[in-house]
Amino acid sequence: MNQEYETRYLKARRAVIAQAFRDLNDSQQQAVLTTEGPLLLLAGAGSGKTTVLVHRIANLMRYGSASDSNEIPDYITEQDVETLEAFLQSGQPATPDIDALCTLHPVNPWNIIAITFTNKAANELKNRLERMLGTAALDVWAMTFHSACCRILRREIDRLGYDARFTIYDTADSERVMKDVCRDLHIDEKTLAPRFILNRISKEKDLQRGPKEVAESAAGSGDYRAELIAKAYAEYQRRLREANALDFDDIILRTVELLQQFDEVREFYQRKFRYILIDEYQDTNNLQYQLAALLAGRWENICVVGDDDQSIYKFRGATIDNILNFEHQFQGAKVIRLEQNYRSTQAILDAANAVIRNNRARKGKKLWTQNPAGERITVYEAMNESAEANFVADRIFSLRKTAEYKDFAVLYRTNAQSNAIERSFKANGIPYRIIGGTRFYDRLEIKDMTAYLCLINNRADDLRLLRIINNPARGIGTKTLEMVQRLASARGVPLYEIISHAGDYPALEKSAGKLLGFSAIIEDCAALLQTSRLPDFYDTLLIKSGYAAMLSQKGDIDSRTRLENIQELRSSLVGYEENHPEDASLAGFLEEVALYTDIEQYDKDADAVVMMTMHAAKGLEFPHVFLVGMEEGLFPSLRCIGEPDEMEEERRLCYVAITRAKQTLCLSFADQRMLYGHTNTNRVSRFVEEIPPELLDRQGMAMPSYMNYGGYGTSPRPGRTENSSRQSWSEAPRQSAPRRTQPPIQSAKAAAPLPKLQPGMMVEHKSFGQGMVISVLPMGNDALLEIAFDRVGTKRLMARTAMAHMSVL
DNA sequence: ATCATAACGCTTTTT
DNA sequence: GCGTTATGAT
């Protein structure tokens, strides 16, 4: 082929590939077609970055490096070039024949790794890949940093002297270990909190400094605390290794060590991962950068996606430097900005841009959209936090003409703020669910049952053994255990080793029977693993351990939920087995449990308002968003005031929160707020003031209050009403699932005067159904009603709020 | 071993 | 103000 044809071929090839991705905008397309070499994608909020990631992988698998290379396969003829050009003229969709002419070294799915931070993001990626590319996409490594590392470790960690069936310790487990370490080393928890030590260890691990290095630098410093921390670090690490356990940091750290120390391991994975994609790059820490750099060492085809304006996890070791330095760390890196937003209205984007503009440490980026201007942003000033909560409830009712409950999200800075909102939602019959707080796998009974599973999987797991050896009670007391511990540490073996041979030790004469009984339970169940399926094995464990029996004997409501929860754990075992038909194993399941946090997907479809922290909302979007508690001292939090760097992180959090909204955004604050038992008076948040006034629609206290409530009354008085309502809404058990079948609640409240309610009257509430008024207690210009509903029992409601959703029969 | 009382915290927390 | 946890008494 002559040069002219070669040029024409390359041009046509690029055009064909670009046509396959014509649904994307120009910069998105560039991001998909730039396959070779390091690439930094600065992807603003709502700019379709997941779409880009998915299409990028599709391009790699379908066309290989063709869109970004001048290499021409030998077999291409002049005839082929003309075929391609004719095809481009025709405007037809591509056929396999055409694609074949445009493909260059197509990439096998198993040569691609896409790393995310959350399981949620990884799952979404997997699903979208499968939808687009079919089952071939399942061979792409689309997973979190931690699960990718675990997968590598299970194959290679024996080189570091660990057993491949290592256990994962979560934060709570680590804390338990550190507490024990502190006790044994006589470290006073008040001068040096275990949490603080763990934090420091985490930082050291991020810098790849082991106990030795830390001890050396502490030794010279004369810093007593630093020396203690070094000692605690060494002991902590010793115990983890003894128990064949890794904490979250170790999972990454050990992988990095393997790749650094063993040439053949590094070469294997470098060769394997020809293309590397990393999401949320602004949230990576040093260790994760090291990992990425090691994996990308051979091909340097590394594409990272991030947004410096959305970096909100610095407090956990994430360093924005990774994104700011990317171009230095990877020579010849290209940068592509994705700035078109497909999510929000212009007003919302303007507000977000106005806020983030006040930060100095930025790469600089301005979001724009073709979406309509939308409504102005509502700012509501409430008297106190319950008035704020009632306002949110009211606004949800009035927007419900055009939206479902699940279209709303209430975001707050701290979990503690959810209480006031929750109370108001319960009182108004608004279904809701709270994301965050206690995770399923953090519950007592689940931790107990997984402790059994962990011990069966890894007999060296002393931590889990101590948790369950006398739970349920087996008459194995502290004295016996002390003796076992002494014997074990003298011999340098795990506790279980002593327990399973209790008969050999005269010192354990009295309790040998009980100890052997325990080890018999473990061994019997473990034997079952060879022959039975996991759920059946679990059923036996429930019986043999006596755990289920213990709960059903108690019989109170609490124990009932616990029984249900341990059954729920069985369901996850069944689910796990279904997802891993080839390689289901106890170790694999436990890994999933340890690394898996979101159970949100459980009732994703439930029509309920979502409540969560602003941090948890990252990556999500909702038509209508409330940001509550927009007050100085709360958001931005007190600790950031006077700390410029932390204030910038706080502002980024605000930016993240604002950009979650698609259609409407409502900011609210309270003049007085009760939090942690104190009432505070706060000024409105600076973030609200940073938004140009013309974008805002101010409501609430600033104007006479009768204007806000359809022509009557004021909002409830602070203090009294709130106190009187506090004790009344306790009937719903905590963490109860939201009502699934909620009767539709219509329209806003009518602007009618308060009808005179009297005990004995029958009412119909739109959420609670029929009920009888039991008592009416006047309160300021409102009243507290006590109503016995047929379906949901007795509730106390404030008349003014309740009458909007209720009629007298 | 089990219950009661005191004491302590209390941003955010993808893993 | 509230919920969890550590410690001591029975």
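None of the values given here were measured: they were computed from a predicted structure. By convention in this document, chain letters (A, B, ...) are assigned in the order of the sequence lines, proteins followed by strands, and residues within each chain are numbered from 1. Side chains included, hydrogens not; waters and symmetry mates left out as well; all remaining heavy atoms used.
- The distance from atom CE of Met550(A) to atom P of dT2(B) is 10 Å, rounded to the nearest whole Å.
- Within the nucleic acid shown, Asn470(A) comes within 4.0 Å of sugar-phosphate atoms alone, with no base atom in reach, counting heavy atoms only.
- Rounded to an integer number of Å, the gap from Asn471(A) CG to dT2(B) C1' is 13 Å.
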Protein heavy-atom contacts under 4.0 Å, written 5' to 3' over nucleotides 3-13 of chain B as B (base), S (sugar-phosphate only) or - (none), form the string -----S-BBBB

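- With its glycosidic angle within 90° of 0, dT11(B) adopts the syn conformation.
- Side-chain contact, Arg464(A) with Thr450(A): no donor N or O sits under 3.5 Å from an acceptor N or O.
- Between the side chains of Gln290(A) and Gln288(A), no donor-acceptor pair is found at a separation under 3.5 Å.
- For Thr478(A) and Glu280(A), each mapped to the nucleotide of DNA chain B holding its nearest heavy atom, the one lying further toward the 5' end belongs to Thr478(A).
- In this structure, Arg165(A) places its CZ atom where only 12 or fewer heavy-atom neighbours from other residues, nucleotides or ligands lie under 6.0 Å away.
- Legend: ring pair (Phe, Tyr, Trp, His ring centres under 6.0 Å) pairs involving residues 303-323 of chain A, not counting sequence neighbours, sorted by first then second residue: Tyr313(A)-Phe315(A), Tyr313(A)-His615(A), Phe315(A)-His615(A).
- Within 4.0 Å of Lys179(A), counting heavy atoms only, lie sugar-phosphate atoms of the nucleic acid but no base atom.
- With both ends at atom P, the span from dT5(C) to dT12(B) equals 16 Å, rounded to whole Å.
- The nearest pair of heavy atoms linking Gly44(A) to Asp307(A) is CA-OD2, 3.6 Å.
- Using a 4.0 Å heavy-atom criterion, one finds that Ser147(A) contacts no nucleic acid atom at all.
- Comparing Gly477(A) and Ala318(A) along DNA chain B, the residue whose closest nucleotide (by nearest heavy atom) sits nearer the 5' end is Gly477(A).
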Listing, residues 194-204 of chain A side-chain donor-acceptor contacts under 3.5 Å, not counting sequence neighbours, or none:
{"residue": "Arg195(A)", "atom": "NE", "partner": "Glu175(A)", "partner atom": "OE1", "Å": "3.4"}
{"residue": "Ser202(A)", "atom": "OG", "partner": "Asp249(A)", "partner atom": "OD2", "Å": "2.9"}
{"residue": "Glu204(A)", "atom": "OE1", "partner": "Arg209(A)", "partner atom": "NE", "Å": "2.6"}

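- The distance from atom CD of Glu385(A) to atom C1' of dG1(C) is 12 Å, rounded to the nearest whole Å.
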